[in-house]
Structures are given as structure tokens and as C-alpha cells.
Amino acid sequence: MKVPKRLLPLVEDGLVDEVLTQLMSGKEASVYIVHSQDKICCAKVYKEIEQRSFKQAVTYREGRKVRNSRRARAMEKGSKFGRDEQEKVWQRAEVDALYALSDADVRVPTPYGCFHGVLLMELMTTEDGSVAPRLNDITLTKEQALRDHDLIIKYVTRMLCVGIVHGDLSEFNVLVDESGPIIIDLPQAVDASANNNAKWMLERDVANMTNYYGQYAPELLGTQFAKEMWALYEAGDLTPTTELTGHFEYSDEDADIDGLMAEINAVMEEAALRKERQQEDNEVD
């Protein structure tokens, strides 16, 4: 196919030999299948901030550190240079998260690097060589749902152990092959210890996945894995091998009204985003 404008610098630098086809186009990025240095991989082209659907990007950026004080000040002021730096931080967050999660034994695509605002990474395929489908595009048996939900909970636990919360985990951001789920789309990943929104984001992530798998295995509904793992995390007792039960004992302390409102707003935002994604799927179909 004709080389998209945003991929031209990679072709000129010899990082991409050929653009084969467009895999998908969403509100945050467009993804292409490319031939790069003797392998077939994905090229994720991030869209400009004005085009992205993350209306509350500042919520996700909280806690992200910028070592250069000049860049930090520019980002705070919102100058053109500052906006450009914010874009670099946004893109670099996904690369850093992919490397960290791969090292933590979480199934994610292998990153090859981010160049000119384009992330090159592993193309996830099934055994027959087809592109791995998204979770929302397949039907599961009860046994598959129970197995894959267990794997997702293990992955989220390992993520939290290295201080990362996905922040937008749902059936739209999980691929599936013969070995189970693969977590994707991490530019909005947050620092669990530095972002005040990390707890409710974790709870939303886990609720999204539990509700989806719960369609096929209703016994999963009502489990409290997120609250259980967060309590262990705060106490310093969570490890990658912690065996979670899905049960959580609530204390008699007064309710956190601000936290509750944040969760309600997050659910409303997620519902709106889910509707947008479903409309995108229908348009593609």
C-alpha cells in the first residue's frame, strides 16, 4: 500500500521496508502491519492529542516524572514545545510499560522502539498465522472464560507489583490466541504509587474484565479481586505469586465520598468510551 505520511521517516531511516496493510484505526492511534528488518511487525501511529478520545488525559499523566526542568515547566504552561513534550511522554509511557511488563512475565507485545512518534512492536498472531483477534470479537466457553479471567487477574497482579495500573483495560484492549489473553494499548498506564487515581482505575480495569468474562461464567460476578489486591499492595504484602481469593472484608470506617464520586464518574466515562468503540467497530464492519 502507499506509505502513510507518518511512516515516511521510518522508511527513509530504513526502519520500515514496506507497509503491507492497515490493521485498525481508532481514536487514539492507527496500526499498520509492516515489513521491518526481516520480520513482520506492527507500527502504531499515535494520533495528535486533539484527535484522541482521552478527554481526561491529565488524570493519567499525574505522577509521571520529567527529569528536565525546562521541559516540565513548558508542559505546565502548555506552550507548543510543552505540548510536543507531552506527546513524547505519552508515547514513551507505552514503550516503558511494555518493557517493564514483559520483564514481569505479563503477556504483552514485544516492543522494538518508538521512532518519530511511531511504536514498532511484535505482531501477535494465532497458530495459523492470522492476526490475533480482540477479546470482544470472539465467543468463549465457560471453561475458557474461567481460565482466561484467572490469567488476567494474575497479569494485573504482576502489573501492580511493578507499580503499573493499565488504566483502560477492557475487552477492547485484550487480544487472544491459543495461549490466552494478551494485554495491549498502554499509553495511559499510570504509576500506582504516584497517581491518586490509581486505585479506582485498578478497580475499573478489573470490573471491566470480570463483567465481560462473567457473561460466560456468572460465578465470577461479585468477586472483589481489585479491592483485595489493592489492600495487599498498600500493606506491602502483594507479590507476583500471591494467591487471591476474590473475597474482601469491608471495614466499618466512614465511606470515602470523594472516592465514590470518582468511581461513579469513571463508570460513566467508561460507558461513553465503550459506546464510541462499539460505533467504531460497526463502522469498520
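Fair warning: this is a prediction, and the values are worked out from it, not measured in the lab.
Atom CE of residue M159 and atom CD1 of residue I183 lie 5.0 Å apart, to the nearest 0.5 angstrom. Distance CD1/I182 to CG/N173: 13.0 Å, rounded to 0.5 Å. Annotation: the span from Y112 atom OH to S36 atom OG amounts to 8.5 Å, rounded to 0.5 Å. Taken from CG in D13 to CZ in F115, the straight-line distance is 9.5 Å, to the nearest 0.5 Å. The structure places OH of Y32 at 13.0 Å from CG of L20, a figure rounded to the nearest 0.5 Å. Distance check: K154 NZ to R107 CZ gives 14.5 Å after rounding to the nearest 0.5 Å.
When all heavy atoms of L186 and E94 are compared, the pair lying nearest together is N-OE2, 3.0 Å. When every heavy atom of A198 is checked against every heavy atom of W230, the shortest pair comes out as CB-CH2, 4.0 Å. Across Y233 and A192, no two heavy atoms sit closer than the pair OH-CB, 3.5 Å. Residues T141 and Q144 come closest through the heavy atom pair N-OE1, 2.9 Å. Nearest heavy atoms, R6 versus G117: NH2-O, 3.4 Å. Scanning all heavy atoms of the two residues, the minimum distance from S179 to L151 falls at O-CD1, 4.0 Å.
At least one side-chain heavy atom of V19 sits less than 4.5 Å from a side-chain heavy atom of P4. Looking at L146 and E219, their side chains come closer than 4.5 Å, going by heavy atoms from C-beta outward. The shortest distance between side-chain heavy atoms of C42 and L23 falls below 4.5 Å. By the 4.5 Å heavy-atom criterion applied to side chains, K199 and E203 are counted as neighbours. Taking 4.5 Å as the limit, some side-chain heavy atom of P111 sits within range of a side-chain heavy atom of Y99. With contacts defined as side-chain heavy-atom distances shorter than 4.5 Å, the pair P240/T157 does not qualify.
Using a distance-only test at 3.5 Å, with no hydrogens or angles considered, a donor-acceptor pair links the side chain of R204 to the main chain of G167. Looking only at distances, no side-chain donor or acceptor of R92 sits under 3.5 Å from a matching main-chain atom of C114. One N or O on the side chain of T242 and one on the backbone of T239 form a donor-acceptor pair closer than 3.5 Å. In this structure, the side chain of Q188 engages the main chain of H166 through a donor-acceptor pair within 3.5 Å. Listed for the D128 side chain is a donor-acceptor partner under 3.5 Å among the backbone atoms of S130. Listed for the R158 side chain is a donor-acceptor partner under 3.5 Å among the backbone atoms of D105. Of the possible polar contacts, none joining the N208 side chain to the N211 backbone as a donor-acceptor pair under 3.5 Å is found. A side-chain donor-acceptor contact under 3.5 Å links E122 to the backbone of T110. For E234 (side chain) and A231 (main-chain N/O), no donor-acceptor pair under 3.5 Å exists by modelled atom type. Checking side-chain atoms of E228 against main-chain N and O of T245 turns up a donor-acceptor pair under 3.5 Å.
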- Query: Does the pair M209 and L135 meet the rule for a side chain to side chain contact (heavy atoms under 4.5 Å, CB included), with working shown?
  - Reply: CA-CA 10 Å; M209 301 313 301; L135 178 58; 3.7 Å; yes
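Note on V11: it does not cluster hydrophobically with I33, by side-chain heavy-atom contacts below 4.5 Å among ILVMFWY residues. Side-chain heavy atoms closer than 4.5 Å link hydrophobic residues (I, L, V, M, F, W, Y) into clusters, and following such links, possibly through other members, connects L7 to M1. L101 and M124 are assigned to two separate hydrophobic clusters, defined by single-linkage of ILVMFWY side chains at heavy-atom distances under 4.5 Å. Using a 4.5 Å cut-off between side-chain heavy atoms of Ile, Leu, Val, Met, Phe, Trp and Tyr, with links allowed through other members, V16 and V95 fall into different hydrophobic clusters. Clustering ILVMFWY residues whenever any of their side-chain heavy atoms sit less than 4.5 angstrom apart, transitively, puts V165 in the very cluster that holds L238.
No option in D205, L202, L244, V106 other than L202 meets the side-chain contact (heavy atoms from CB on, under 4.5 Å) test with V156. When each of D185, I184, L169 is checked for a side-chain contact (heavy atoms from CB on, under 4.5 Å) with V174, only L169 meets the rule. With Y213 as the partner, the side-chain contact (heavy atoms from CB on, under 4.5 Å) test is satisfied by one option alone out of L221, D150, I153, L220: L220.
Other residues, nucleotides and ligands place no more than 12 heavy atoms under 6.0 Å from the CD atom of E127. No more than 12 heavy atoms of other residues, nucleotides or ligands sit less than 6.0 Å from atom CG of D38.
Ion pairing between E28 and K44 fails under the 4.0 Å rule for side-chain N and carboxylate O.
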